[in-house]
Trainee: 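Just dropping this structure here.
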Amino acid sequence: MKKLILVAGARPNFMKIAPLMHALKNNDKIKPVLVHTGQHYDVKMSGQFFEELNIPAPDINLEVGSASHAVQTARIMESFEKVCIDENPDFVLVVGDVNSTAACTLVASKLGITTIHYEAGLRSRDRTMPEEINRLVTDAISDVFITTSVDADENLLKEGVDAEKIHMLGNLMIDSLAANIEKAQKTPLTFTLLNRNNSISVESSKPLPCEEGLAKGRYGVLTFHRPGNVDNKEALSNLVEIWGKISEKIPLVFPVHPRTYKNIQNFGLQSLINGYPQLYFIEPLGYLQFIHLVSKSMFALTDSGGIQEETTYMNIPCLTVRPNTERPVTIWEGSNKLIKMEDISDEIQLILDGKGKRGTVPRYWDGKTAQRIIELIEKGYN
Ligand code: UD1
């Protein structure tokens, strides 16, 4: 029996790891060892996802927590090296592009362990994004490259990766989505509104005042957490004003990432937000409620990576406020559009006029990617 360490660290990793853990449940050829680095640690950013996606409790939790990039990466490397030495796995599988992905790849690769990168080859070509650095580092030293779309294959080939090491097997995040969408839509939407006073505590849990809009699907979903958008006071103030103006036309629901919320407080933007009663800032949602919320919405306005893919699968118009995307297939084929901050208003108006972008679902985004990955590992690397 071969031993496979699977690494999960931050929120977007959990929906990629879940279908693999399920597919490995009764496998008699591969023994999984799940390592959580602890990069995300709040119940709302981590624990809740394990519960809702039925992921078994991690075998090992490195509990590294938050820190600067260098410190966080170093802490993960130091702890993960011990795990690899103790466990002596045949393979390490990392997913996505977070700090945990790059840190564990560096460790495994130097110990001579076969390293498999799922979601290899995505490139934004924007090195101001920490994720782009993580992608480049991870793909420079991985041994097996599992991709979600053909553009990723082309990127890897151009960078000199051997074609036989690249496997386009589809999208694990869509495995989770396909498996959970019906359940998600039956999960009641309850929200915890973030306090509109100048403090980080929350108001008591209560239904959202725009419930009527919610019932009719007349609302948009916001998610913003990229350092480029939210770590800079001017950019974040501009965004808040734009969101506010849009919310005067259509209610906006924003499950706020801790990074964004801290910056709102630090930059003194709470009172600006308070001036817009239909701009609902709520605590981060669990997976099922979030999928429910997006699936019934008119649009998503975001700077996230994963949401570009989830909206493409659900065929919900998605406006991505970034100068580039590492997931261009969501634009060529899907319902995603890259837009500039100054165009947000016009683009939302198009959607309100019924002219939002719709698309098709890319190849192999069919809910069966985990099975294909396990078959690859069983066949090719036994
Ligand atoms: C990380 C990933 C990003 C991913 C995002 C999804 C990197 C470089 N970035 O960004 O690609 O899209 O996760 O959420 O790996 N915090 C909490 N509780 C938590 C986790 C974080 O309060 O459970 C706060 C901490 O103050 C921390 C900050 O959020 O400093 C940022 O967390 P961090 O993991 O450093 O990066 P993210 O912005 O979450």
Side-chain angles (χ1 to χ4, degrees), residues 7-17 36-51 53 58 61-77 80 94-106 117-119 122-124 126-138 173 176 192 194 200-202 221-232 235-236 254-267 281 283-287 290 300 302-310 318 320-322 324-327 330:
V7 177
R11 187 170 59 176
N13 294 165
F14 306 139
M15 31 302 217
K16 297 168 193 169
I17 286 293
H36 190 328
T37 64
Q39 177 174 345
H40 283 175
Y41 43 86
D42 284 350
V43 172
K44 298 239 169 201
M45 298 295 285
S46 173
Q48 201 171 172
F49 287 80
F50 274 72
E51 203 177 297
L53 290 164
N61 193 326
L62 309 181
E63 295 181 350
V64 298
S66 300
S68 70
H69 283 262
V71 171
Q72 188 175 61
T73 306
R75 278 188 196 148
I76 297 169
M77 287 181 68
F80 190 62
V94 296
V95 300
D97 55 17
V98 300
N99 288 345
S100 304
T101 313
C104 293
T105 305
L106 266 167
H117 182 204
Y118 162 77
E119 210 184 83
L122 295 186
R123 298 288 180 268
S124 67
D126 175 358
R127 291 198 188 183
T128 64
M129 286 176 74
E131 294 82 2
E132 183 71 357
I133 311 275
N134 291 336
R135 291 180 201 115
L136 289 165
V137 167
T138 304
M173 196 171 237
S176 279
T192 305
L194 287 164
I200 295 186
S201 62
V202 293
V221 178
L222 283 184
T223 78
F224 279 79
H225 72 277
R226 296 258 162 240
N229 281 329
V230 307
D231 283 2
N232 166 292
L236 188 55
F254 185 0
V256 188
H257 186 283
R259 169 193 285 282
T260 310
Y261 198 54
K262 276 179 200 159
N263 288 339
I264 284 168
Q265 303 300 323
N266 292 340
F267 300 154
F281 280 51
E283 280 220 319
L285 291 173
Y287 182 69
F290 184 73
T302 188
D303 64 2
S304 149
I307 291 160
Q308 297 172 51
E309 298 184 343
E310 288 164 336
C318 179
T320 302
V321 188
R322 281 175 39 189
N324 46 59
T325 178
E326 64 287 343
R327 299 164 210 269
T330 60

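As the structure lists them, so they are numbered: ligands from 1, and atoms in each ligand from 1. Just so it is clear, the structure is predicted and the values come from calculations on it, not from any experiment.
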Trainee: List, for ligand 1, each N/O atom that has a protein N/O partner under 3.5 Å away, with both atom names and the distance.
Mentor:
from	atom 1	to	atom 2	distance (Å)
ligand 1	11 (O)	Glu131	OE2	2.5
ligand 1	12 (O)	His225	NE2	2.9
ligand 1	13 (O)	His40	NE2	3.4
ligand 1	14 (O)	His257	NE2	3.1
ligand 1	15 (O)	Gln39	NE2	2.8
ligand 1	15 (O)	Asn99	N	2.8
ligand 1	18 (N)	Tyr41	OH	3.4
ligand 1	18 (N)	Asp42	OD2	2.9
ligand 1	23 (O)	Tyr41	N	2.9
ligand 1	23 (O)	Asp42	N	3.0
ligand 1	26 (O)	Lys262	NZ	2.5
ligand 1	34 (O)	Gln39	NE2	3.3
ligand 1	34 (O)	His40	NE2	3.2
ligand 1	38 (O)	Arg259	NE	2.7
ligand 1	38 (O)	Arg259	NH2	3.3
ligand 1	39 (O)	His40	NE2	2.7
ligand 1	39 (O)	His257	NE2	2.9

Trainee: Distance from Gln48 atom CD to Leu53 atom CG, nearest 0.5 Å?
Mentor: 10.0 Å

Trainee: In Å, rounded to the nearest 0.5 Å, how long is the span from CZ of Arg11 to NE2 of His257?
Mentor: 5.0 Å

Trainee: Between Asp97 and Arg135, is there a salt bridge with N-O shorter than 4.0 Å?
Mentor: yes

Trainee: State the CG-CE distance between Asn99 and Met77, to the nearest 0.5 angstrom.
Mentor: 12.0 Å

Trainee: Could you measure the distance from the CG atom of Asp303 to the CE atom of Met129? Nearest 0.5 Å is fine.
Mentor: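 Answer for the CG-CE pair, Asp303 versus Met129, is 8.5 Å.
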
Trainee: Return the orientation label for the Phe50 and His36 ring planes: parallel under 30°, perpendicular over 60°, tilted otherwise.
Mentor: parallel

